[in-house]
Every structure is written in C-alpha cells, then in structure tokens.
Amino acid sequence: MLDFLAPPALGRGFRWLFAASSVSNAADGVMLAAGPLLVASVTREPLAVAMAVFLQQLPWLLFGVTAGALIDRLDRRRLMVVVDVCRGAVLLALTVTVATGVVNVTVVLAAMFLLGTAETFADNAGSTVLAVVVPQEHLGTANSRFFGSAVLGNQLVGPPLGALLFAVGSAVPFGATAAGFLLAAILLSRMRLPVAAPRPDGRSMRSEVAEGMRWLWDHPPVRTLAVTLTLFNVTFGSAMAVYVLYARERSASARSASAS
C-alpha cells in the first residue's frame, strides 16, 4: 500500500513529506467543520459563524504572495516544522479554553485566523519542497499524490471527521488536530533536503513581491484563472460557512415535528 501511495522512485524525502502533508491536511479539514460548530455552540449569530470559515481562508489573500517571497529566504523544512508546532500550540490552548468552559467567540475567531495564516506558509513551503525532494522525471506522479492527499484530507475526510469528533465532545477535535500537527512536525523533521544554492542577488522581498504581482497581471491566462478561482472560492465559501446553522435549524424543526 505504501509503495502505491508513495512509490520508492519518488524518494525517501517524498515519503516523509507526503505523510506529514496527509496528516496536516486532514487536520485542516477537521478544523473547517469544528471551527464553525464551536462558534455556533457559543452564539447563533450567522456573521460570527461565517467568520470562522472566512478567517481561515483570508490569510491566503493577505499573505499568499508575501509568504512565497519569505519562503525563498528561509530554511523551508525548518519553517514547516516551526509552523506545525505553532499550530499545535494554538490548538492546545484552544482545547484548554473549550474544556474549561471559558471559550468565547473572540478567542475562537483569533485562533481560526492564526491557523489560516500558518496554513498559508506551510502549504506554500510544502509545494516548493516537493520540487526539491523528487527527481524531475517523477514530479507529475509526486504532484498528483501530493495534491490528491490535500483534496482528500481538506474536503472529503477532514470535515465529516471534525463534525463526528465535535459530537463526541466539543474539545475533542481541537485536541486531536493539535496532536496531528505535532505529529506532522515530527515527520517533517525526519526529512533531509539538499543544500540550497545561494541566492543570485540581493533584491528586497518587497521588490520580489511586486515583481510577482506584475508577472501575474501581465499573463492573461494566469490572471483570468486567479480571478476566477477567487470569485469561486468566495461564492462557494459564503454558502458553506452557514451550513452548520442550516443543519441545526433543520434538526430542531425535525425534533419539533416528531414531538408534535
């Protein structure tokens, strides 16, 4: 099974990266369901529930390009390890507030934003590391495995698992995801990367970000794709964000109907 998911030809480094990515993506998916559910358990205000989803995705818009330029300047493996440890620490703190009953909407929303920011850096770094640890002739296979695990964890497995764990106990999904991110950090620490070549120039990060934005704007196909994906994610997310309230209302209506 392991050889099918991560063939030996892709290298040992890919196996560590793939395992860590699969765990962290499943944890991200759990949070997509558990975060709004937690907010809905504290308040029935639709805006607050929607913000739990929105604040997890907002950092991609705010920091996506900047994260790419920063990642080029840092040790990527170490960055990913630090980010996963930080995510685990944030979730452990959130778990304690939930378990002790002192959690409030502000704490949850702040945690969602911090987790979304960490995900922006971790996922961008993971994509660049993939191209380093896998031989060029196998990048197509590695890329399909890598992003397949992201879709599976973030969209198919993680959210229903998060809802199930929340039903077991409101603090359970947050403690489980904290453990998941800490496990991902351990897996990443086992990976070894080739020594990076020195940077060819001393350009500032600001100039590189500006160059990246100009490149995006000057290439119509990529620009159109970026705008389309942004609009799609906004419209899709606006509906998904309040599903939890809709489900609760339908459940309450069903119980009322059966009682009468």
Side-chain angles (χ1 to χ4, degrees), residues 19-45 47-64 66-67 70-71 74 77-126 150 153-154 157-189 237 241 244-245:
S21 175
S22 298
V23 171
S24 60
N25 276 306
D28 287 332
V30 167
M31 290 306 303
L32 280 176
L37 283 170
L38 180 59
V39 176
S41 69
V42 177
T43 177
R44 298 296 299 273
E45 176 60 43
L47 179 60
V49 176
M51 288 295 288
V53 175
F54 175 71
L55 288 176
Q56 289 183 70
Q57 304 302 318
L58 179 61
W60 284 97
L61 178 63
L62 296 180
F63 310 128
T66 304
L70 184 61
I71 288 166
L74 301 175
R77 182 185 65 86
R78 184 175 299 173
L79 173 65
M80 295 167 67
V81 171
V82 170
V83 165
D84 280 341
V85 170
C86 290
R87 288 198 279 190
V90 169
L91 282 164
L92 283 175
L94 183 60
T95 301
V96 172
T97 64
V98 175
T100 56
V102 299
V103 68
N104 57 58
V105 173
T106 302
V107 170
V108 179
L109 295 183
M112 295 302 104
F113 182 76
L114 290 174
L115 292 172
T117 301
E119 182 184 5
T120 302
F121 283 87
D123 286 4
N124 276 329
N154 267 309
V157 175
L161 178 60
L164 176 63
L165 292 175
F166 192 86
V168 174
S170 57
V172 173
F174 306 102
T177 50
F181 285 127
L182 294 176
L183 173 60
I186 294 172
L187 293 170
L188 288 169
S189 69
V244 60
L245 290 179

Practice prompt. Carefully, step by step, assess Met51 and Val108 under the rule side chain to side chain contact (heavy atoms under 4.5 Å, CB included).
Written response: CA-CA 10 Å; Met51 288 295 288; Val108 179; over 6 Å; no

Practice prompt. Applying side chain to side chain contact (heavy atoms under 4.5 Å, CB included), run through Val105 and Glu45 and close with a yes or a no.
Written response: CA-CA 10 Å; Val105 173; Glu45 176 60 43; over 6 Å; no

Worksheet entry | For Ala125, all residues meeting side-chain contact (heavy atoms from CB on, under 4.5 Å), sequence neighbours excluded | Ile71, Leu79, Met80

Fill in: With sequence neighbours excluded, residues passing side-chain contact (heavy atoms from CB on, under 4.5 Å) with Leu183
Val23, Leu187

Only distances under 3.5 Å count here; give the side-chain donor-acceptor pairs of residues 109-124 to other protein atoms, sequence neighbours excluded, each with its distance to 0.1 Å.
| from | atom 1 | to | atom 2 | distance (Å) |
| --- | --- | --- | --- | --- |
| Thr117 | OG1 | Phe113 | O | 2.9 |
| Thr120 | OG1 | Gly116 | O | 2.9 |
| Asn124 | ND2 | Thr120 | O | 3.1 |

Spacing of [X] atom [atom1] and [Y] atom [atom2] [to the nearest 0.5 Å]:
X	Y	atom1	atom2	value
Cys86	Leu182	SG	CG	10.5 Å
Leu58	Leu62	CG	CG	4.0 Å
Thr97	Phe174	OG1	CZ	8.5 Å

Looking only at heavy atoms, which two atoms of [X] and [Y] are closest? And how far apart?
X	Y	value
Phe181	Gly88	CB-N, 4.0 Å
Ala185	Val85	CB-CG2, 3.8 Å
Leu91	Ala178	CB-CB, 3.7 Å
Ala34	Gly162	CB-O, 4.5 Å
Ala163	Ala33	N-CB, 4.0 Å
Gly153	Pro159	O-CD, 3.9 Å

Worksheet item: According to the salt bridge (Lys or Arg N to Asp or Glu O under 4.0 Å) rule, which pairs have a member within residues 166-175, sequence neighbours left out?
Response: none

Worksheet entry | Residue pairs, two or more places apart or on separate chains, that pass salt bridge (Lys or Arg N to Asp or Glu O under 4.0 Å) and touch residues 84-100 | Asp28-Arg87, Asp84-Arg87

Fill in: Qualifying side chain to side chain donor-acceptor pair (under 3.5 Å) pairs, either residue in residues 160-184, two or more places apart
none

